[in-house]
Protein chains: 2
Amino acid sequence: MFIMMNKEHNEHMAVSGIPTDMKLLDIHEAARFLRVSEVSVRRYTKSGALRCLRVGGRRERRFEREDLEAFVGANSPTRALAEASKPIGAAQPTLGPADVAAPEFATIEGMPVPWGRHLCQLYETDRGRVQMTVPFLNDGLNAGDACFLIASEPARAHLIEALRRVRGDLGPDIEAGRLRVIDHAQNGSAMLAALDEAFGAAMEEGFGKLRLVGDMAWFLDQGLSGDELVNFETRYDRQIGHSYPIISLCLYDARRFSGIEILHALKSHADTFDLPLSRFLLR
Amino acid sequence: MFIMMNKEHNEHMAVSGIPTDMKLLDIHEAARFLRVSEVSVRRYTKSGALRCLRVGGRRERRFEREDLEAFVGANSPTRALAEASKPIGAAQPTLGPADVAAPEFATIEGMPVPWGRHLCQLYETDRGRVQMTVPFLNDGLNAGDACFLIASEPARAHLIEALRRVRGDLGPDIEAGRLRVIDHAQNGSAMLAALDEAFGAAMEEGFGKLRLVGDMAWFLDQGLSGDELVNFETRYDRQIGHSYPIISLCLYDARRFSGIEILHALKSHADTFDLPLSRFLLR
DNA sequence: TCACGAAGATCAGCATTGATAATCAATGAC
DNA sequence: GTCATTGATTATCAATGCTGATCTTCGTGA
């Protein structure tokens, strides 16, 4: 009683001009916002469906309003990028992110990987670039998944050639829409939109599972900055990577990225840490 | 005086040299920002987990927004290897006396970490350098462990100053041999020998537990190559890091190392992957 | 209709947190 | 200069949130 009064008191008091825009909600307030139990809120964050921050030695959950609103709207994947009017007042009866309902696994080098994961892989030689990705794509093509590939030039030819070598002629796969090479866009936003579009189209064509391999050096080849790359990955992680039945594998050539960029790459692919990370650090 | 010193790296400087965006929050505002009580804010600062400035003869706490934002961590599983550290074999029957003493843990940001681990931590701002290490060393000094520090110059003074700020005068710790600043050697082999010597000496003096914090930029400052660094870390991992009751925390400033070097740093600290890695990727 | 997954409720152990009190010294208003 | 207020420090104690577990209910789809 006293506590609540304490918390809701003076929220809008712009004391001394300090921007109070960063309003964090605790788990109780978040649960009330979503009209679910606190237990469910914990489940959402644990599964990665709902983003949350942590504070203190007890690692209590803190939520930003923006994330809660995004979670409510996460029901319509194809419109994941539309950030127009979102009715936040009346909660929709069935809220449930797509990845919560994906009970199947793909296999990457023997590791079971659930769908809806956004992973990164670091490598430092050309061989490392294809070592994990080619089997991953080959498995997907065999399983009838829609497989997407993004890469700029030396890497693109290298990946395609390596895939062709284990699979033979790729013509049938391409014609059937199982293998799609996506041209990299001019900037991150355009690429996000293109991916959202491509994934939505594949789903409508009846593909139940998607796979993406992206060699992120295309970003550098477009002359884009590291900041823009972080921005792209963060938005992909929040808006797309967990909203489709897709496994996204982002490749980082450690020879081409700086230490800071590698650090940012790791931080924006937290899903990878649920798996044995050492398997994703290739030669 | 604290204030001026701390703002030397701020980009947004007005002509006067005083940063324009320097909005200090008092403890009440900081507590409201984090959605915790003022008592907790005081606890955070006392442990060194949250940086604060002091003003006036009453040493009132003042906070920078950036410090508060850095304190709010990302979501990540909190389970640490309480279970994973157990021997893989079946249930142990009766244990010998040596085994009874074994099951002890240190605590790093709430994570239980067994002794004998060789961990790495990546950071990209000066703030990140001290965020995890200062509480780690402070805990060790409080517990009576022997704490070793290796760093070359800008980092060394920064770490010592940050530790002094939460702990007060370090003279007693140094005189009692609890805190030892080790001069970096000319090359990796000499450093390995020096560390082996220093650890053995501390053990003979009766210290039961050791802690090491090393900012690996000293390697670069010695003009040594990345290959030599890998070699050093690999040998440390094999020969020393697991042979003493020590927790070794190696810091990598992502601003100073290349992508390949960061990749190698990760690969040579596989112990880190047993813990929630995202907690070791700091800002 | 049955099976399945999600949601909700509950239990336990545990460490942190929040509230409160007492003391002390600096601050700010008069 | 006085004097009430504020914040620091230390301490105690109850409440809260986290983790993991089990169990039941509910709605949907096979």
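Chain identifiers are assigned alphabetically (A, B, ...) following the order of the sequence lines, protein sequences preceding nucleic acid strands; residue numbering begins at 1 within each chain.
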Exercise. For A:Leu53 and D:dC18, what is the distance between atoms CG and P respectively, to the nearest whole Å?
Worked result: 13 Å

Exercise. Is there a side-chain polar atom (N or O) of A:Arg59 under 4.0 Å from OP1 or OP2 of C:dT17?
Worked result: no

Problem set entry | B:Arg35 CZ to C:dT17 C1', straight-line distance once rounded to whole Å | 16 Å

Problem set entry | Residue B:Ser37, side-chain atoms from C-beta onward, closest of C:dA19, D:dA15, D:dT9 | C:dA19

Exercise. How many Å lie between CZ on A:Arg62 and C1' on C:dT16, as a whole number?
Worked result: 12 Å

Exercise. Just to confirm, is there a sub-4.0 Å distance from OP1 or OP2 of D:dA8 to any side-chain nitrogen or oxygen of B:Arg61?
Worked result: yes

Problem set entry | Within the 6.0 Å centroid threshold, strictly below: A:Phe148 and A:Phe199 | yes

Exercise. Do the side-chain N or O atoms of A:Ser40 get closer than 4.0 angstrom to the phosphate oxygens (OP1, OP2) of C:dG8?
Worked result: yes

For this session: Tell me, yes or no, whether the heavy-atom count around A:Glu197 atom CD, taken from other residues, nucleotides or ligands under 6.0 Å, exceeds 12.
Result: no

For this session: Would you kindly say whether A:Arg59 and B:Asn75 are connected by a side-chain donor-acceptor distance under 3.5 Å?
Result: no

Seminar exercise, completed: B:Met111 CE to D:dT19 C1', in whole Å, measures 16 Å

Problem set entry | Whole-Å gap separating P (C:dT27) and CG (B:Asp26) | 15 Å

Exercise. Does B:Tyr44 make a side-chain N or O approach to OP1 or OP2 of C:dT16 shorter than 4.0 Å?
Worked result: no

Exercise. Is there a donor on the side chain of B:Arg43 or the base of C:dG18 sitting less than 3.5 Å from an acceptor on the other?
Worked result: yes

For this session: Looking only at side-chain atoms of B:Val39, point me to the closest of C:dA19, D:dG17, C:dG8.
Result: C:dA19

For this session: To the nearest Å, give me how far apart CZ (B:Phe71) and P (C:dT16) are.
Result: 12 Å

Exercise. Can a donor-acceptor pair be found between the side chains of B:Arg117 and B:Ser248 at a distance below 3.5 Å?
Worked result: no

Problem set entry | Distance, rounded to the nearest Å, where B:Arg54 contributes CZ and C:dT27 contributes P | 14 Å

Problem set entry | 5′-ward residue of the pair A:Lys46/A:Glu38 relative to DNA chain D | A:Glu38

For this session: Answer yes if the side chains of A:Asp237 and A:His118 hold a donor-acceptor pair under 3.5 Å, and no otherwise.
Result: yes

Exercise. Roughly how many Å is it from NE2 in B:His28 to P in D:dA8, rounded to a whole number?
Worked result: 13 Å

Exercise. Looking only at N and O atoms, is any donor in the side chain of B:Arg42 or the base of C:dG18 less than 3.5 Å from an acceptor on the other one?
Worked result: no

